[in-house]
Every structure is written in C-alpha cells, then in structure tokens.
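Values reported hereafter were calculated over all heavy atoms of this structure, with side chains retained and with hydrogens, waters and symmetry mates removed. Keep in mind it's a predicted model, so treat the numbers as computed, not measured. Read the numbers this way: they start at 1 and go in the same order the structure lists the ligands and their atoms.
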Amino acid sequence: MNTIESVTDKLANIFPNESEIPSEYAYGEPVHQKEYLVNGEIKIWNGAVQDIFSPVCIQTANGTEQKFLGTTPLLTEVEATDALNAAIGAYKNGTGEWPTMTVEGRIRAMEAFVKAMKSKRTEVVKTLMWEIGKTIKDSEKEFDRTVEYILDTIEAYKKLDRSSNNFQFEQGIIGKIRRSPLGVVLCMGPYNYPLNETFTTLIPALIMGNTVVFKPAKIGVLLHRPLLEAFRDSFPKGVINVVFGRGRATVGPLMTTGKIDVLAFIGTSKSANIMKMQHPRPNRLRSVLALEAKNPAIVLNHADLDLAVKECALGSLSYNGQRCTALKIIFVQKNVVDTFINKFVKEVEALKWGMPWEDGVQITPLPEPEKPGLLKALIEDAEAHGAQVINTGGGTIEHTFYAPAIVYPVNSKMKLYYEEQFGPVVPIVAYDKIEEVIQYMVESNYGQQASIFGTDNDDVASLTDNLINQVCRVNINSQCQRGPDVFPFTGRKDSGEGTLSVADALRTFSIRAMVAAKDIDVNKEMLTDIIKDRSSKFLSTDFIF
Ligand code: G3H
C-alpha cells in the first residue's frame with residue numbers, strides 16, 4: 001500500500017535529468033517545422049509559430065521544466081483557404097482524376113502511402129511519445145494498429161468493389177450500383193490518438209475518392225511532419241492537403257464557405273456543434289463525429305470481483321484515462337462495494353508511474369496544460385458534496401503529473417457523476433437496485449458503451465437488453481474499448497454521429513449511386529460494348545484480386 005511518504009518520494013523523483021533518458025528515446029534537438037502541404041507542394045511558412053512542449057518535464061539547473069520539442073506553423077485563413085481550394089480543384093465537382101480513378105488506381109496510391117509511412121515508424125513513434133506522453137509500447141501499438149487499419153481498409157475496399165461489380169435486373173430495369181465519393185472532407189483528429197483516430201477517418205475518406213483538408217489537433221502535431229512527403233508523393237496533387245494552426249483561424253473560415261461536404265471530427269460535441277452551425281447549408285453537410293462519452297462499469301453483486309477490478313483499472317486508467325472509451329464511472333452494488341474498493345485501491349496503487357519510455361509504466365504525465373487544474377476542481381466539487389479521494393496521495397499534482405485518484409462515494413449532486421473527466425480520476429458509485437443505473441443511462445447525455453460485470457446469466461442478459469438501446473456496445477466482463485477495428489465504433493446522443501469500422505467507414509464516406517437502363521435490346525447491346533471496351537470506370541465489371 002502507498003503511504004503519503006512513499007507518494008511524495010515517488011513524485012519528487014518522477015521527472016528525470018536529461019542524462020537519465022536512455023539514448024534510444026532521447027528527443028534530440030527541437031524541431032522547427034515550417035512545412036505544410038497544399039496542392040501537392042510542401043510549402044514553407046515563415047510566419048507565427050506555436051511552441052510545442054512535452055508533458056514530460058526535465059530537471060534542469062533552473063528547476064523542473066517541460067521539455068521543449070519545437071514549433072509548428074500557425075497558419076491563417078489564407079493558407080487554409082488555399083488548402084480548401086486545392087481540395088476543391090482536385091475533386092473538380094466529382095470529375096477530377098482522383099474521384100474518377102479506378103478502384104485499382106486508388107488502391108495502388110494507398111499502398112504506396114502505407115509503404116512510405118512504414119519507413120517513418122521510428123520518427124513518428126518517438127515524436128508521438130514525447131508530444132502526448134503515451135507509453136512507448138502504446139505509441140508503437142498506435143502506429144502499427146494504424147498501418148494494419150490501412151491494410152484492412154484496402155482489403156475491405158476490394159471486397160466492397162467485388163460485391164458491386166455485377167449488374168442487377170429488377171422489374172425490367174438493369175441497374176449498376178456502386179459507392180461514389182461525397183466531395184471535400186475536412187478531417188480533424190484528437191490528441192489522445194493523434195495518428196490512429198485521425199487516420200480512421202482520413203484513410204477511408206481518401207480511398208473512396210474524396211479529397212481532404214486535414215488539420216491536426218492542438219496537441220500531437222509534430223508527429224505528422226514526417227508523413228508530409230509520403231502524402232505528397234502517393235496521391236495526385238490537391239487530394240490531401242495538411243494545414244496547421246488554431247481551429248478558429250483555419251477551420252472556422254472553411255466551414256463558413258459552405259464548400260466542405262463532410263466534417264470528420266473527433267473531439268467534443270461543443271466544438272462539433274460550433275463547426276456544424278458555421279456551415280451555411282447544413283443539409284449539404286455530412287458529419288462523421290466521435291465525441292465525448294461517460295462509459296459506466298456496472299459491477300453486479302455476483303461479479304467475479306478480481307476480474308472486475310482488473311478490467312476496471314485497465315478500463316479507467318490506460319493512458320491515464322485519456323480515451324474516449326475509458327470507463328469514466330463505476331457503479332458497484334452496495335453489498336460488495338467495500339470488497340471491490342479494497343481490491344481496486346490495491347490494483348490502482350500497484351500501477352507503475354513514470355516516464356513513457358520506462359518499462360512497464362502505466363501512468364504518465366498529462367499533455368493538456370489545464371487538465372490537472374480541471375481534475376482538481378472536479379474533486380473539490382465532489383468533496384463539497386460528501387465524497388473523498390480514497391487512495392493515498394490520489395490527486396496529488398507534480399507539474400504535469402497527476403497521481404490517479406479514486407473518488408467515493410460519488411452521487412448525483414457531483415459534476416463527476418455526469419461530466420466526462422478524460423483523465424486519471426475514477427468515480428465510484430454504490431447502488432442498491434439496478435434500475436438506478438439503468439435510469440442513469442437513460443438520462444445521460446452520452447451513449448457510447450457500457451461494461452457489465454456479473455456471473456448470473458439471467459441478470460447479465462436482462463441488463464444487456466436494457467442497455468443495448470442506450471449505448472452502442474455492451475461489454476460483458478470486459479472493459480470498454482474501440483477495437484478490434486473491424487467492429488462498429490459509434491455512439492448515441494452526444495457521443496457520436498456515423499459509424500466507423502474498417503468496413504463501415506467506407507460506407508460513411510461515400511454514397512450509393514447507380515446507373516439504370518430499361519432492359520431493352522439497344523441498352524443491353526450498348527452496355528455490353530461499354531464493358532467490353534472498358535470505356536466506363538463506373539460500369540466496369542473488372543474483378544480485383
Ligand atoms: O479515444 C478513443 C479511442 O477510439 C479509444 O480506442 O478503445 O482502442 O483505446 P481504444
């Protein structure tokens with residue numbers, strides 16, 4: 001068990017000296033990025049820049065300081081508009097080279113990209129780790145999972161194409177149905193999965209023939225720099241444009257033009273709503289959104305508590321709880337709550353704190369500068385309404401490091417009961433009757449996932465049926481998570497719009513379009529000749545292996 005002395009001691013020594021960083025993980029000199037990508041050209045920016053600091057602090061002669069990683073361009077409306085115009089030009093109202101390219105052609109471009117991307121693994125992974133404080137193991141996993149996602153997307157696209165290469169005959173009409181692109185996509189990802197989650201929208205958007213303006217989030221920016229050349233060299237000019245800077249300066253002006261056809265955004269519902277409302281013709285805007293969540297773990301009194309504790313600790317505190325799928329509130333039935341808490345505190349106290357490159361580390365510094373203060377305020381609010389931090393040293397702040405805090409007993413008067421904390425704070429609620437938890441889910445603004453822990457088949461089955469229309473994934477005796485990426489990932493209410501999985505995303509970023517002809521001889525002859533001469537890409541029956 002932790003004591004306050006051991007916690008103080010651990011925190012006092014949590015940040016290293018520069019010389020203590022193993023050479024293979026050392027960051028090196030700051031990177032001053034000037035490049036951005038517009039219309040197939042890597043342009044150089046000489047204007048204002050954003051300083052990038054790591055959540056990792058270093059002990060220096062001047063005290064503990066956040067590691068300075070470099071700078072990124074703070075582009076303006078002008079460059080963002082250039083990027084939009086490039087994407088519009090490449091789409092050319094659906095007649096551009098990319099939207100009309102054969103499926104094979106687009107697959108070849110994507111294969112070239114993934115090959116070039118793989119060659120940048122070391123650089124991207126190391127920058128990812130330093131920029132967002134994700135453990136080296138998870139940073140590597142994020143990169144590899146993204147590569148796998150692209151390869152799976154290529155396979156899914158082939159499968160989709162194979163299923164649509166036949167003609168259909170219905171009621172005297174010959175039909176050829178395929179999926180077509182939607183237009184210009186504005187793509188923005190989150191800081192917690194800056195590569196993976198961004199690419200789960202960017203890649204399907206591109207492969208379906210759309211053109212893209214991509215703007216990384218505020219945090220997790222430099223890691224995209226090594227990929228600019230791969231983007232430039234793999235796709236026709238203007239198909240993918242990458243801009244950097246503040247959302248207000250770059251994204252707002254683009255939305256107000258009404259020329260964005262799809263908004264692909266992973267972040268908060270507040271930002272999503274602002275952007276959607278900026279679009280002058282909302283009926284033309286399609287949105288693909290992954291937003292906040294407050295996924296509950298529900299521990300029934302017959303649960304295997306050891307299993308529940310392990311999954312709840314993993315679910316609530318992997319990457320410091322900074323996952324949209326994290327367990328953000330734990331409901332435990334009253335007659336087992338003491339035992340659960342006892343075991344849970346031990347499990348959480350055993351998690352290793354440290355720097356992201358350390359072996360076996362689980363809790364690392366937080367990249368959002370305002371986060372420790374926000375978490376502190378949530379805990380103060382909970383304390384004012386009768387809860388306490390029940391693990392020793394929980395909630396202690398050391399610069400960017402926040403010691404995970406378990407808060408109990410949480411109730412409906414507290415902000416922690418409703419609000420997404422997105423950080424290492426775990427609220428526990430004791431409940432009497434399962435109806436209280438179901439009602440919580442009914443009234444919640446969020447509807448992404450839930451986890452049920454129990455061993456009684458009837459109880460688990462009945463709770464599953466009660467929850468499945470409140471959320472989009474019910475996990476049994478397992479933490480909430482997005483993967484495997486072939487499974488649908490979506491949310492109800494304020495948690496999302498549209499479905500993302502390898503296969504679903506291809507549908508999300510496209511629309512069914514068809515050619516129809518009366519089943520008469522003149523049409524049949526014409527279609528036969530078109531197919532034989534390969535004079536139309538849409539009417540093609542080529543089979544891709
Ligand atoms: O931030 C949300 C991520 O999509 C979560 O993905 O469940 O695989 O960590 P994960």
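- Here the shortest heavy-atom pairing between L182 and N210 reads N-OD1, 2.6 Å.
- Side-chain atoms of Q421 and K294 form a donor-acceptor pair, as typed in the model, at a separation below 3.5 Å.
- For the 3.5 Å distance criterion, the side chains of R482 and T200 qualify, holding a donor opposite an acceptor.
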Atom pairs and distances, ligand 1 N/O vs protein N/O under 3.5 Å:
{"from": "ligand 1", "atom 1": "1 (O)", "to": "N192", "atom 2": "ND2", "distance (Å)": "2.8"}
{"from": "ligand 1", "atom 1": "1 (O)", "to": "C324", "atom 2": "N", "distance (Å)": "2.7"}
{"from": "ligand 1", "atom 1": "4 (O)", "to": "E197", "atom 2": "OE2", "distance (Å)": "2.5"}
{"from": "ligand 1", "atom 1": "7 (O)", "to": "R323", "atom 2": "NH2", "distance (Å)": "3.0"}
{"from": "ligand 1", "atom 1": "7 (O)", "to": "T325", "atom 2": "OG1", "distance (Å)": "2.7"}
{"from": "ligand 1", "atom 1": "7 (O)", "to": "R482", "atom 2": "N", "distance (Å)": "2.7"}
{"from": "ligand 1", "atom 1": "8 (O)", "to": "R145", "atom 2": "NH1", "distance (Å)": "2.8"}
{"from": "ligand 1", "atom 1": "8 (O)", "to": "R145", "atom 2": "NH2", "distance (Å)": "3.1"}
{"from": "ligand 1", "atom 1": "9 (O)", "to": "Y193", "atom 2": "OH", "distance (Å)": "2.3"}
{"from": "ligand 1", "atom 1": "9 (O)", "to": "R323", "atom 2": "NE", "distance (Å)": "2.8"}
{"from": "ligand 1", "atom 1": "9 (O)", "to": "R323", "atom 2": "NH2", "distance (Å)": "3.4"}

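- With sequence neighbours excluded, the residues forming a ring-ring contact (aromatic ring centres under 6.0 Å, His included) with F235 are W98, F113, listed by chain and number.
- Residues meeting the side-chain hydrogen bond (donor to acceptor under 3.5 Å, both in side chains) test with D485, sequence neighbours left out: R145.
- Residues satisfying the side-chain hydrogen bond (donor to acceptor under 3.5 Å, both in side chains) test with E436, not counting sequence neighbours, are none.
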